[in-house]
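Residue numbers start from 1 in every chain, and the chains themselves are labelled A, B, ... in the order their sequence lines are given, proteins ahead of strands. Heavy-atom basis, side chains included; hydrogens, waters and symmetry copies ignored.
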Amino acid sequence: MNPFSSGTRLRDMIRAIRACKTAAEERAVVRKECASIRAAVSDNDNDYRHRNLAKLMFIHMLGYPTHFGQMECLKLIAAPGFPEKRIGYLGLMLLLDERQEVLMLVTNSLKQDLNHTNQYIVGLALCALGNICSAEMARDLAPEVERLLQFRDPNVRKKAALCSIRIVKKVPDLVENFVNPVASLLKEKHHGVLLTAMQLCADLCILSEEALEYFKKRCTEGLVKVLKDAVNSPYAPEYDISGIADPFLQIRLLRLLRILGHGDADASDCMNDVLAQVATKTESNKNAGNAILYECVETILSIEDSGGLRVLAINILGRFLSNRDNNIRYVALNMLMKAISVDGQAVQRHRATILECVKDSDASIRKRALELVYLLVNESNVKPLTKELIDYLEVSDQDFKGDLTARICSIVEKLSPDKLWYIDQMLKVLCEAGNYVKDEVWHALIVVITNASNLHGYTVRSLYRAIQTSVDQEAVVRVAVWCIGEYGDLLMNNTGMLDLEEPITVTESDAVDVIELAIKRHTSDLTTRAMCLIALLKLSSRFPSSSQRIKDIVTQSKGSLLLELQQRSIEFDSIIEKHQNLRAALVERMPVLDEATYSGRRSGSVPAAVSTSQGNALHLPNGVAKMADAPLLDLLDLSVDEPAAPNSSGGNFLQDLLGADISSSSSQSVSGKIQAQKSGTDVLLDLLSTGSAPAQNGSSTPDIFSISQDNKTSISALDSLSSPMVPPVQASPITGGSPMDLLDGFGPNPPVPKDNGPAHPPIVAFESSSLKIIFNFSKEPESPQTTLIEANFTNKSSEVYTDFIFQAAVPKFLQLHLEPASGNTLPSSSSGSITQKLRVTNNQHGKKSIMMRIRISYKLNGKDMLEEGQISNIPRDL
Amino acid sequence: MGIRFVLMVNKQGQTRLAQYYEYLTLEERRALEGEIVRKCLARNEQQCSFVEHRTYKIVYRRYASLFFLVGVDNEEVSRAHTFTIMCPNELAILEFIHLLVETMDRHFGNVCELDIMFHLEKAHFMLEEMVMNGCIVETSKANILAPIQLMDKAS
C-alpha cells in the first residue's frame with residue numbers, strides 16, 4: 001500500500017471541511033465522510049484503512065464521535081508494517097481510553113511489539129502503553145517494561161522509564177521492582193534517559209517511603225554532581241537553549257533534589273553548594289534561566305534550613321517581583337505564597353510591591369497578588385492594607401470586584417481591631433461594591449451594629465450619608481434602611497456624637513424620603529422592599545408627625561403584584577391607622593443579636609433547630625433574608641420576645657385580644673366551648689398554629705399574621721379587634737374593676753397575661769391604697785386540675801418597697817407551690833413590678849374554686865409593713 | 001511535569017491539534033476547549049502567559065496566527081515529604097512550547113497552521129516523541145525528529 005495514495009483523499013476532506021462556511025455545512029461534510037468510512041469498515045477494506053484512520057483522527061479532533069473506528073486501530077496495530085502500526089497506535093491513543101473494553105484486545109499485540117526486534121516498533125508500543133495502559137495491562141506487561149529499562153538503545157530506555165511511571169501508579173506494589181533499575185539509569189549520560197529516570201525516581205519516592213530513603217542515601221550525591229556538571233558544562237548545541245545547557249534537565253534535577261532534601265538535613269547539606277551555584281550563576285535575562293532560578297528557589301525553600309541560601313532565594317524573588325515581564329512577576333507572586341510559611345518577615349518587606357500587583361491590569365497577576373496580600377495581612381498592618389484595597393476597589397475592573405470585595409470583607413471581619421473601624425470599613429466596601437457583597441457579610445454587619453450600642457447614632461448617620469451617594473448598591477440600601485428603621489430617632493437628634501463626626505441636620509421627612517426612594521426604586525428587589533416596609537412601620541411609631549405620610553407610602557404597596565408586599569402593606573396600614581396604642585410596643589427596637597450564635601450559624605455549627613424555640617432573634621436582619629416570605633413574623637416575634645420586659649409585652653396583650661376576638665366574632669358555641677370545657681387553649685392553638693413557629697413562648701403575635709396568611713378575613717378580624725365596642729368577655733367575674741377594654745385598657749392597666757391566657761382573663765386579686773396584685777392564669781392542657789398563676793405586684797405609693805415578701809395559704813383541697821419571686825424590691829409609683837409564679841392544684845376541680853389567704857410584708861423607709869387579705873374572686877372553672 | 005493536555009488553536013478559536021493525557025469525554029473536551037479559548041484569546045500581548053482555569057493552569061503562547069496552549073496541574077500533592085512536587089514550573093512549560101514550535105519549524109520549515117492541519121499525524125508523532133503520559137521525554141530536536149525523518153526516507 002502506498003501511503004501517498006491515501007494522502008490525497010485526506011487532503012480533500014480537510015479542504016472540504018476548511019471550505020465550510022457554517023457549522024451545519026461542516027457537520028454535513030463530516031457525516032458524509034463518516035458514512036463512507038463506516039462502509040469501508042464493514043467491507044473490511046485493507047487498502048484504505050490507514051487513510052481512513054487518519055481521517056477519523058481529524059474528525060475526532062473536531063469533536064465528532066468516532067467510536068466505530070476503534071476496531072480499525074487494532075487491525076492496524078496487528079499489521080506487520082511500521083507505517084500501519086504507527087498510525088494504528090496513534091489512533092489507539094487518541095480515540096481510545098483505558099475504560100474501553102477494546103483495550104483488552106490490544107494487550108497481546110502490545111506484548112508482541114514490546115518484544116519486537118525493531119527498536120522503533122518497541123518504542124511505539126512503549127509509548128502507547130505509557131499513555132493508555134490500565135491496571136490489568138500494567139500487571140501483564142510490567143516484566144517486559146522492566147527488561148526494556150536495560151535495552152541497548154537509550155531512546156527505548158527513556159520511553160520504558162516513563163512507561164514505568166504509569167505502571168507503578170496503576171499498580172503501586174510493583175514499586176520495588178523498579179528501584180534498582182532506576183538507580184542505574186540515574187548514572188547515565190544520555191539526557192533523555194536522565195530526564196525520564198528522574199521523573200520515575202520522583203514518582204517512586206512519592207509512592208514509597210522505602211524508595212525515598214533508598215534514593216536519599218544512594219543517589220543524592222550523584223545527582224548533585226550531575227547538576228554541577230550541567231551548570232558548568234561547556235556549550236552543547238543540541239541541548240542548548242539561549243546559552244543555557246538543557247534547562248529541562250536542570251529543572252528536573254532541582255525538582256528531584258527537592259524531594260530528596262525535604263526533611264533530611266544530611267541530604268540538604270549535600271546539595272547546598274550546588275544550589276548556591278545555580279542561584280548565583282544562572283543568567284536571569286532569558287526565560288530559560290528564570291525557569292531554572294524559579295525552580296531553584298522552590299528547592300531552597302523546601303529543603304532543610306540553611307539561612308544563607310534562603311536569603312539568596314528571597315532576594316531572587318524580590319528581583320522577580322520588580323521585573324517588567326509579567327510572566328516573571330506572576331511566578332514570583334506564586335512562589336512568595338510558599339515563602340510566607342518559611343520566612344514571613346522577608347515577604348512582608350515586599351508588601352508595597354505586592355500591593356501594586358493587586359492593581360495590575362492583568363487578571364492572572366491580580367488574582368495571585370490578592371491571595372498573597374490576604375495571607376500577608378495581620379493585626380499590625382490590617383489598617384493600611386485595608387485602606388489600600390478599599391481605595392483600589394473604586395477603580396478596579398467589574399469582574400475583579402467580586403473577588404476583591406470578598407477578600408476585603410474577610411480581612412475586616414477577621415482582623416478588625418474595634419467595632420468602629422469594622423463598621424467604617426464595611427460601609428466603605430458597601431458603598432463601593434455593595435452589589436458584590438454576599439448576604440452573610442451584611443448580615444454580620446448588622447449583628448455588629450446592634451452590639452455596638454454606643455455607635456448606633458454614628459452608624460445610622462453614616463449610613464444616611466452613604467445612601468445618598470450609593471443608592472445603586474443594594475447592600476448599602478438594605479443596611480441603611482434597616483438601621484434607619486431601628487435607630488431613626490438617633491438620626492434627628494445627633495445622639496451619641498463621636499468626636500470625628502460632623503453634625504448633620506436631618507428632619508423626619510428626610511429620613512422617610514430615603515426609605516421612600518428605596519422602596520420606589522425599580523431595581524429594589526423583594527427583600528429590600530420588604531425591609532423598607534418594616535422600616536416605615538417602625539418609623540411611623542418613632543416619628544408620630546410623619547405618620548400620615550408613612551401611611552400613604554405604605555398604602556402604595558397595597559397594589560403590589562408581589563403577594564408578600566401587598567399583604568404586609570395592608571397589614572401595616574391597618575396597624576398604623578387603627579392600632580396607635582399597640583404600635584409602639586410592636587415596633588420596639590430589636591434586641592441585641594448574639595454575635596457568637598450568629599457566627600456559629602454562619603459556620604454551620606449550630607443546628608438550625610435552635611432558632612425555633614429560643615429566639616427567632618437569630619434571624620437576620622428581621623429575618624428577611626432567611627425567610628423572605630415572612631419578614632414580619634420575625635420582626636414582631638422579635639420585638640415581643642424581648643427578654644425580661646413584661647411591661648412591653650404588647651404581644652401578650654395581642655394574644656388576649658385575639659382570644660377575645662375569636663370568642664366574640666366566632667359563633668357563640670365556640671366561645672361557650674372555651675368557657676365550658678376549658679379547652680380554649682387547644683382550640684386557640686389550633687387556630688393559631690397555622691404558620692411559623694409554635695407559640696411556645698406564649699407570644700402569639702406572629703400567629704395573628706399567620707392566620708391572616710391563610711385566612712383572608714384577617715383584615716376584618718383586625719378591624720373588629722380595634723372596634724371601639726368592648727368585646728364581651730364572658731362569665732369571668734372580674735372584681736377590682738379592671739375594665740377589660742382590650743384595646744384601650746392597654747395603657748393604664750399593664751396587662752401581663754402569660755401562656756395560655758386567652759381562656760382566663762387576668763383578675764385584680766388584691767388592691768389596697770399602697771399595693772395592687774394582679775393574677776394571670778394559665779392551664780396545662782393535660783392536667784385541668786393544675787392552674788398556673790402569675791402574680792404581679794405593683795407599688796402604688798411614691799416610696800420604694802424593699803424586702804418584699806409574698807406569702808399565701810390555701811385550704812386543704814388545694815396544693816400550692818410558690819416559686820421564687822423575680823425580685824424583692826418594688827419601685828415606686830407603679831413604675832415597675834415583681835412577678836411570682838404560683839402553681840395551684842385543685843383536688844376538687846370543678847366543684848370548688850381556688851381561694852387563698854395572702855400576707856405581704858415589706859419595708860418602707862426601713863419600717864416593717866404588713867398587709868393581709870383573702871382572695872376569693874378566682875373564677876370557678878380554674 | 002504533569003502536562004494534562006496540549007492544544008493548538010488558531011486565531012478564530014478552531015482546534016488544530018488536541019492531545020489529552022487524561023480521559024475526557026467528547027462533550028467535556030469541547031466545553032473545556034471552548035472555555036479556555038475564550039479566556040486565553042481575549043488576553044493581550046502584555047499580559048502574562050498563565051491563566052488559571054478550573055483545576056488547570058494553562059500556559060499559552062502565540063505564534064503568528066496559532067496559539068499553543070498547554071494545560072498543567074494546578075494542584076499540589078499534599079504529602080508531607082513531597083512539598084510542592086506537582087506544582088508546575090510555568091516558565092519551563094513556556095520553554096517547552098517554544099521547543100515544540102522550534103522542532104516543528106525544523107521539520108516543516110517555518111511551520112504554519114496549514115502544515116499542522118494537513119500533517120496532523122506528523123505533528124502528533126513529534127509530540128509523541130516529546131511528551132508521554134504527561135511527562136517530557138526528550139528535549140533534543142535531533143532525537144525527536146530522528147524517527148520521523150527515518151520514516152519519511154523509507155517511504
Side-chain angles (χ1 to χ4, degrees), chain A residues 3 11 14 54 57-58 61-63 65 82-83 86-87 90 94 97-99 120 123 127 130-131 155 158-159 162 165-166 191-192 195-196 199 202 206 212 238-239 241 246-249 251 255 258-259 262-263 287-288 290-291 294-295 298 302 326-327 329-331 338 361-362 364-365 367, chain B residues 1 14-21 23-24 26-27 29-30 33 43-44 46-52 77 79-85 87 89-96 98-99 117-118 120-121 124-125 128-129 132-143 146-147 150-151 154-155:
Chain A
R11 276 173 176 269
I14 294 170
M57 277 162 36
F58 194 88
M61 183 192 72
L62 295 174
F82 181 72
R86 190 168 70 161
I87 193 101
L90 183 58
L94 289 175
D97 74 282
E98 59 177 290
R99 264 158 260 220
Y120 293 103
C127 186
N131 278 337
N155 290 317
K158 72 184 184 200
K159 286 183 181 173
L162 282 188
I165 294 180
R166 189 163 178 114
H191 282 208
L195 199 65
T196 53
Q199 292 182 78
I206 293 171
L212 177 64
E238 195 39 49
Y239 289 101
I241 292 178
D246 203 348
F248 296 102
L249 186 72
I251 287 168
R255 199 163 267 237
R258 173 151 88 236
I259 295 172
H262 184 68
N287 180 57
N290 285 325
Y294 177 51
E295 200 69 44
E298 189 170 1
S302 312
N326 274 338
N327 288 343
R329 286 202 293 156
Y330 176 90
V331 296
K338 285 166 196 151
S361 63
D362 185 337
S364 295
I365 290 195
K367 188 164 178 246
Chain B
M1 225 163 263
Q14 292 162 309
T15 309
R16 288 304 175 226
L17 180 143
Q19 172 74 60
Y20 289 82
Y21 298 98
Y23 180 67
L24 293 176
L26 264 184
E27 291 72 35
R29 285 178 180 209
R30 280 224 296 249
E33 283 169 29
R43 294 168 63 83
N44 67 32
Q46 282 78 49
Q47 293 178 322
C48 69
S49 311
F50 317 120
V51 175
E52 285 159 53
V77 173
R79 263 184 63 180
H81 67 267
T82 58
F83 183 76
T84 66
I85 175 190
C87 155
N89 184 326
E90 298 88 350
L91 299 176
I93 297 288
L94 213 54
E95 208 52 60
F96 165 76
H98 192 64
L99 179 70
M117 275 187 94
F118 287 106
L120 185 62
E121 77 282 11
H124 270 293
F125 292 141
E128 216 171 76
E129 290 292 328
M132 194 176 132
N133 195 24
C135 303
I136 295 177
V137 195
E138 181 60 71
T139 54
S140 143
K141 293 187 264 290
N143 282 350
L150 212 64
M151 252 328 285
S155 55

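- In terms of heavy-atom pairs under 4.5 Å with chain A, the best-connected choice from B/Leu120, B/Leu17, B/Leu99, B/Thr139 is B/Thr139.
- No donor-acceptor pair closer than 3.5 Å links the side chain of A/Glu295 to the backbone N or O of A/Asn290.
- With respect to chain B, the highest number of heavy-atom pairs below 4.5 Å among A/Thr196, A/Ile14, A/Asn287 belongs to A/Asn287.
- Closest non-hydrogen pair, B/Ala92 versus A/Ile251, comes out as CB-CD1, 3.5 Å.
- Note: B/Phe50 and A/Tyr330 have tilted aromatic rings, judged against thresholds of 30 and 60 degrees for the angle between ring planes.
- Contacts with chain A were tallied for B/Gln46, B/Arg43, B/Gln19; B/Arg43 has the most, counting heavy-atom pairs under 4.5 Å.
- One finds no salt bridge joining A/Glu298 and A/Arg255 here, because no Lys/Arg side-chain nitrogen approaches an Asp/Glu carboxylate oxygen to under 4.0 Å.
- Of the listed residues (B/Gln14, B/Glu121, B/Glu27, B/Glu33), the greatest number of heavy-atom pairs within a distance under 4.5 Å of chain A belongs to B/Glu121.
- Of the atoms belonging to A/Asp246, it is side-chain heavy atoms, and not backbone ones, that fall under 4.5 Å from chain B.
- Taking every heavy atom of both residues into account, B/Ser49 and B/Leu94 meet most closely at CB-CD1, 3.8 Å.
- For B/Phe96, the parts sitting under 4.5 Å from any heavy atom of chain A are the backbone and the side chain alike.
- Among residues two or more places apart in sequence or in another chain, the salt bridge (charged side-chain N to carboxylate O under 4.0 Å, His left out) test is passed with B/Glu95 by none.
- Heavy-atom distances place both the backbone and the side chain of A/Lys159 under 4.5 Å from chain B.
- Looking at A/Leu195, the atoms closer than 4.5 Å to chain B (heavy atoms on both sides) all sit in the side chain, from C-beta outward.
- Here the closest non-hydrogen pair linking A/Cys127 and B/Glu128 is SG-CG, 3.3 Å.
- A donor-acceptor pair is defined here as one N or O able to donate and one able to accept, closer than 3.5 Å; such a pair exists between the side chain of A/Arg166 and the backbone of A/Asn131.
- For the options B/Leu150, B/Asn133, B/Val51, heavy-atom pairs under 4.5 Å to chain A are most numerous at B/Asn133.
- Looking at residues two or more places apart in sequence or on another chain, you find no salt bridge (charged side-chain N to carboxylate O under 4.0 Å, His left out) involving A/Arg86.
- Between chain A and the options B/Val137, B/Asn44, B/Thr15, B/Asn143, the largest number of non-hydrogen pairs under 4.5 Å is found for B/Val137.
- For chain B, the nearby part of A/Ile241 is the side chain; its heavy atoms alone come within less than 4.5 Å.
- Looking at A/Ala288, both its backbone and its side chain come within 4.5 Å of chain B, counting heavy atoms on both sides.
- At least one donor-acceptor pair under 3.5 Å links the side chain of B/Arg30 to the backbone N or O of A/Gly63.
- The candidate with the highest count of non-hydrogen atom pairs below 4.5 Å against chain B, out of A/Ile87, A/Leu62, A/Ile365, A/Leu90, is A/Leu90.
- Heavy atoms closer than 4.5 Å to chain B are found in both the backbone and the side chain of A/Phe58.
- Heavy-atom distances place the side chain of A/Asn155, and not its backbone, under 4.5 Å from chain B.
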